[in-house]
Amino acid sequence: MKLFSRRDFSATMGKGITATALLGGTSLACANSTKQDKKKLGIALVGLGSYSTYQLAPSLQDTEHCYLAGIVTGTPEKEKVWQDKYDIPSKNIYNYENFDTIAKNDAIDIVYVVLPNSMHADFSIRAAGAGKHVICEKPMAISVEECDAIIKACKEAGVKLSVGYRMQSDPYTKEVKKYVAEKTFGDVHFVSSDAGYISRGNPNQWRLNKKLSGGGALMNMGVYSIQTSIYGCGSNPSSVSAQEFSTRPEYFKETDETITAQFEFPTGAVAHMMTSHNANGNRLKSHCSKGWFELEPAHSYGPISGRTSNGNVISFPHKRQQALQMDDFAKHILLGTPNVAPGEMGKRDMIIVEAIYRSIAEGGKKQMLDLGNMGIVP
Ligand code: NAD
């Protein structure tokens, strides 16, 4: 087990975790302990929509270092359903109005914000203000300015921050990152990345409402094609040019339907990405000097599937990405392991999103990107 520095130890103690719990002792009977083992961090999900219901809560049954401790919901009818299903104590159930009193609840270590995109910044900042570590769903926010505000609030509160980039914890992603770093197929010259699906649902859903979503396909699936372009190449891009296409303006009244973009990288590589709410796409392919590697599907919930030019199939046992992701963040807090999806990564992607929208507004003009000093490992 990794030894704690005094700083890690004090910071974690500040979050109400007992020394004996951290050090694997048996005396877990602190005033706030629940029947859960306090070696695990308690997570409260904020927003009990489809992602929390069908992915995060079930994944929290598979995690080793964290567990579902609480919920925050604006829908009173959901409280009892979730309480009964997941055995959540009444004292760990909040609504959007009394949410800030979560500060007093030592059973909650991490607040996971799973609300419409325009609400991420407000709730992440309030969670930090309550002294809780924060996981903020993707896209991190709807502007770079909001990302900065979240990062600042977490720094000032001395809490850790992560973005819900589940693919960063996925073994297939790690494998392609390894190919790039070790030049298994030589230098990457060209990356192609698609992330989209056909949306025909409720025209009043928040994803089609610009005020709530901040944008369409690009804000939703586009962050995946930005991410795959970057890790499929192993570098942050130095420029982007983009185009927008619309075929169903009566449905996509306020938000983008399909966007394509081209990146240049300082390595000399280029990438093409496509994201859409009107076309299916779920693929990463990196063409290299001595071959290629490909993931398809590349960013759905799994199992992911991959192939390489030497005839190999990339294959790992399937595990819920969300369980791996939440455990990665819990280990970062408990043991000081790397934060695989820090706030700065969410901010980097929002800088790229804003540059893509700017390029479209300027008729496809190339936008230069200055991402060199962000300290983000692609
Ligand atoms: P959803 O529509 O199913 O749920 C949204 C939740 O927010 C609901 O519980 C709803 O009651 C609540 N809400 C509060 N105020 C609202 C308002 N003004 N309008 C609409 N809903 C409101 O959405 P979802 O699919 O669960 O997505 C939530 C967040 O999770 C989004 O940011 C999305 O991008 C992200 N997400 C991430 C992944 C991933 O793979 N990482 C997958 C799906 C969703």
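In what follows, residues are counted from 1 in the order of the sequence shown. In each ligand, atom 1 is the first atom listed, and ligand 1 is the first ligand listed.
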Quiz item: Can you list the other members of the hydrophobic cluster that holds V340, where links are side-chain heavy atoms under 4.5 angstrom apart?
Solution: none

Quiz item: Heavy atoms of the protein only: does one fall short of 4.0 Å from atom 10 (C) of ligand 1?
Solution: no

Practice problem: Please determine if G49 has a nitrogen or oxygen closer than 3.5 Å to a nitrogen or oxygen of ligand 1. | Solution: yes

Quiz prompt | F252 and H277 aromatic ring geometry - parallel, tilted or perpendicular at 30°/60° bounds | solution = parallel

Quiz item: atom 28 (C) of ligand 1: which protein heavy atom is closest, and how many Å away?
Solution: V114 O, 3.4 Å

Quiz item: Just which atoms of ligand 1 are under 4.0 Å from any heavy atom in G164?
Solution: 41 (N)

Identify all side-chain donor-acceptor contacts of residues 111-121 below 3.5 Å with residues at least two apart in sequence or on another chain.
from: Y112; atom 1: OH; to: E137; atom 2: OE2; distance (Å): 2.5
from: Y112; atom 1: OH; to: Q325; atom 2: NE2; distance (Å): 3.0
from: N117; atom 1: ND2; to: S213; atom 2: O; distance (Å): 3.0
from: S118; atom 1: OG; to: K211; atom 2: O; distance (Å): 3.4
from: S118; atom 1: OG; to: L212; atom 2: O; distance (Å): 3.2
from: H120; atom 1: ND1; to: E137; atom 2: O; distance (Å): 3.2
from: H120; atom 1: ND1; to: P139; atom 2: O; distance (Å): 2.8
from: H120; atom 1: ND1; to: M140; atom 2: O; distance (Å): 3.4
from: H120; atom 1: NE2; to: L115; atom 2: O; distance (Å): 2.6

Practice problem: Check whether any heavy atom of P116 sits under 4.0 Å from an atom of ligand 1. | Solution: yes

Practice problem: Examine ligand 1 and decide if any of its atoms is less than 4.0 Å from a heavy atom belonging to H120. | Solution: yes

Quiz item: Which bit of K78 is near ligand 1, meaning a heavy atom under 4.0 Å away: side chain, backbone, both or neither?
Solution: side chain

Quiz prompt | Nearest candidate to atom 31 (C) of ligand 1, where distance is taken over non-hydrogen atoms, out of V223, L115, L212 | solution = L115

Practice problem: Report the nearest protein non-hydrogen atom to atom 37 (C) of ligand 1: residue, atom name, distance rounded to 0.1 Å. | Solution: E137 OE1, 3.1 Å

Self-check item: Close-contact set for ligand 1 against Y224 heavy atoms, below 4.0 Å
Solution: 39 (C), 40 (O), 41 (N)

Practice problem: Look at the rings of Y96 and F123 and say which category their plane angle falls in: under 30° parallel, 30 to 60° tilted, over 60° perpendicular. | Solution: perpendicular

Quiz item: Does the side chain of S241 pick up a donor-acceptor pair with the side chain of Q262 at under 3.5 Å?
Solution: no

Exercise. From the options Y112, Y96, W206, Y301, select the one whose nearest heavy atom is closest to atom 1 (P) of ligand 1.
Key: W206

Quiz item: Given that the side chain starts at C-beta and the backbone is N, CA, C, O, which of these parts of M219 lies under 4.0 Å from ligand 1, counting heavy atoms, or is it both or neither?
Solution: neither

Exercise. Assess M119 for proximity to ligand 1: is some non-hydrogen atom of it under 4.0 Å away?
Key: yes

Practice problem: Among all protein heavy atoms, pick the one closest to atom 26 (O) of ligand 1 and tell me residue, atom and distance. | Solution: Y51 N, 3.0 Å

Quiz item: Can you find a non-hydrogen atom of R207 under 4.0 Å from ligand 1?
Solution: yes

Practice problem: Indicate, as side chain, backbone, both or neither, the part of R166 found under 4.0 angstrom from ligand 1 when only non-hydrogen atoms are considered. | Solution: side chain

